[in-house]
Amino acid sequence: MSGVSRRTLITAGLAAASGAAGLAVAGRSGLIPPDAVGAFAPGTALTYAAQRLLTRHSLAREFRRDQISRPPFANGKPPTIEAFVKHQAEGFAGWRLAVDGMVSRPTTFSVAQLQSYPSRSQITHLACEEGWSFIAEWTGVPLSKVLDVVGAAPQAKYVVYFSIQPTWWDSVDMADALHPQTLLTYGMNGADLPVGHGGPLRVRVPRQLGYKSVKYITRLTVTDSLKGFGKGMGSYAAERGYSWYNGI
Ligand SMILES: Nc1nc2c(c(=O)[nH]1)N[C@H]1C(S)=C(S)[C@@H](COP(=O)(O)O)O[C@H]1N2
Ligand SMILES: [Mo]
């Protein structure tokens, strides 16, 4: 059991299982998700603690090329907001990703700059919380590479990401941010990422449900606390009752 003592595991397991008092213990171990408030807190904390202790390095399943869904289902229509329409008309040449927060070199990247780094492609499943799903090949730069380029501080605990759509922002802990399958994607099924699927730039977190894979990304912030973002629950989705952590 890499890096986790049996005692930590037992403590966190008991903590999560024993409800509110246990939450305080698990919190000191850094195993409380930011939306662990209210009646479901012990349950969501147990899921998160167990996943982080047991499976933080495990890989999401990757599929064969002949398993790619054709045609892929696209959940949303491209944004109609003026700023996006203008970028789209310009072929996204002016699209920028700002990376800031606890980094030694805050940087603004064009899509072309991100494409200049070594890419990773993987065929993974995107599952919506509403029940549908599809398999696609996603190509992009590992988020860990971008965090390395900007010099993310070792004390950082989360990466918060923002879409050009103001209500779509979310965050992951460093275990998911540094995970080799977490990508900033710009390609899908061998072509540019279609706008319906988040082009020109989308976070893919294949170890969590679809809504963590936010489309039309314009900014990443590295932080040690989620308190200053919205209501402090880690995402807009969490503020609307979806769980912040939804590992699959
Ligand atoms: N910016 C933005 N990101 C988003 C969404 C959205 O509406 N806007 N929908 C989310 C949800 S609920 C799901 S299930 C997936 C759907 O991915 P798809 O459009 O590639 O099918 O995108 C997620 N990311
Ligand atoms: Mo979804």
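Within the 3.5 Å criterion, the main-chain N or O of Arg105 finds a donor-acceptor partner in the side chain of Thr107. Looking at Thr182, its side chain never comes within 3.5 Å of a backbone N or O of Leu178 through a donor-acceptor pair. Side-chain N or O atoms of Thr44 include none that pairs as donor or acceptor with a backbone N or O of Ala36 at under 3.5 Å. Formation of a donor-acceptor pair under 3.5 Å by the Thr223 side chain with backbone atoms of Leu226 is not found in this model. Looking only at distances, no side-chain donor or acceptor of Lys215 sits under 3.5 Å from a matching main-chain atom of Ser163.
For the atom pair CD of Gln122 and OG of Ser119, the computed distance is 10.5 Å after rounding to the nearest 0.5 Å. Put simply, CG on Leu97 and CG on Asp100 are 9.5 Å apart, with the number rounded to the nearest 0.5 Å.
The existence of a salt bridge linking Lys212 and Asp176 is excluded, since no basic side-chain nitrogen approaches an acidic carboxylate oxygen closer than 4.0 Å. Lys231 and Asp35 are not joined by a salt bridge, as no carboxylate oxygen comes within less than 4.0 angstrom of a charged side-chain nitrogen. Arg120 has a carboxylate O that lies under 4.0 Å from a charged side-chain N of Glu62, or vice versa, which qualifies the two as a salt bridge.
Considering only residues two or more places apart in sequence or on other chains, Leu59 meets the side-chain contact (heavy atoms from CB on, under 4.5 Å) condition with His179, Pro180, Gln181. Listed by chain and number, the residues in a ring-ring contact (aromatic ring centres under 6.0 Å, His included) with Phe134 are His197 (sequence neighbours excluded). Residues forming a side-chain contact (heavy atoms from CB on, under 4.5 Å) with Arg65 (at least two apart in sequence, or on another chain): Ile68, Ile123, Glu137. Tyr245 pairs by the ring-ring contact (aromatic ring centres under 6.0 Å, His included) definition with Tyr48, not counting sequence neighbours.
The shortest side-chain heavy-atom distance between Thr139 and Tyr186 falls under the 4.5 Å cut-off. The side-chain heavy atoms of Glu129 and Tyr211, taken from C-beta on, include a pair separated by under 4.5 Å. At a threshold of 4.5 Å between non-hydrogen side-chain atoms, the residues Thr124 and Ile135 do not count as touching. Using a 4.5 Å heavy-atom threshold, the side chains of Leu126 and Arg204 count as touching. At least one side-chain heavy atom of Val195 sits under 4.5 Å from a side-chain heavy atom of Phe92. A 4.5 Å side-chain heavy-atom check between Leu193 and Leu201 finds every atom pair outside the cut-off. Here the side chains of Trp244 and Asp173 are in contact, with some heavy-atom distance below 4.5 Å. Contact of the Phe229 side chain with the Ser171 side chain is not registered, since no non-hydrogen atoms from C-beta on lie closer than 4.5 Å.
In this structure, Arg202 fails the cation-pi test against Trp95, since its NZ or CZ atom is not both closer than 6.0 Å to the six-membered ring centre and inside 45 degrees of the ring normal.
For the pair Gly101 and Thr221, the tightest heavy-atom approach, listed with the atom from each and the gap, is CA-CG2, 4.0 Å.
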Run the side-chain donor-acceptor check on residues 141-159: report pairs under 3.5 Å with partners two or more places apart or on a different chain.
none

When the side chains of residues 83-90 are checked against the rest of the protein, which donor-acceptor pairs come out under 3.5 Å, sequence neighbours left out?
{"residue": "Lys86", "atom": "NZ", "partner": "Glu90", "partner atom": "OE2", "Å": "3.2"}

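When the side chains of ILVMFWY residues are joined at heavy-atom separations under 4.5 Å, either directly or via intervening members, Tyr236 and Val205 end up in two distinct hydrophobic clusters.
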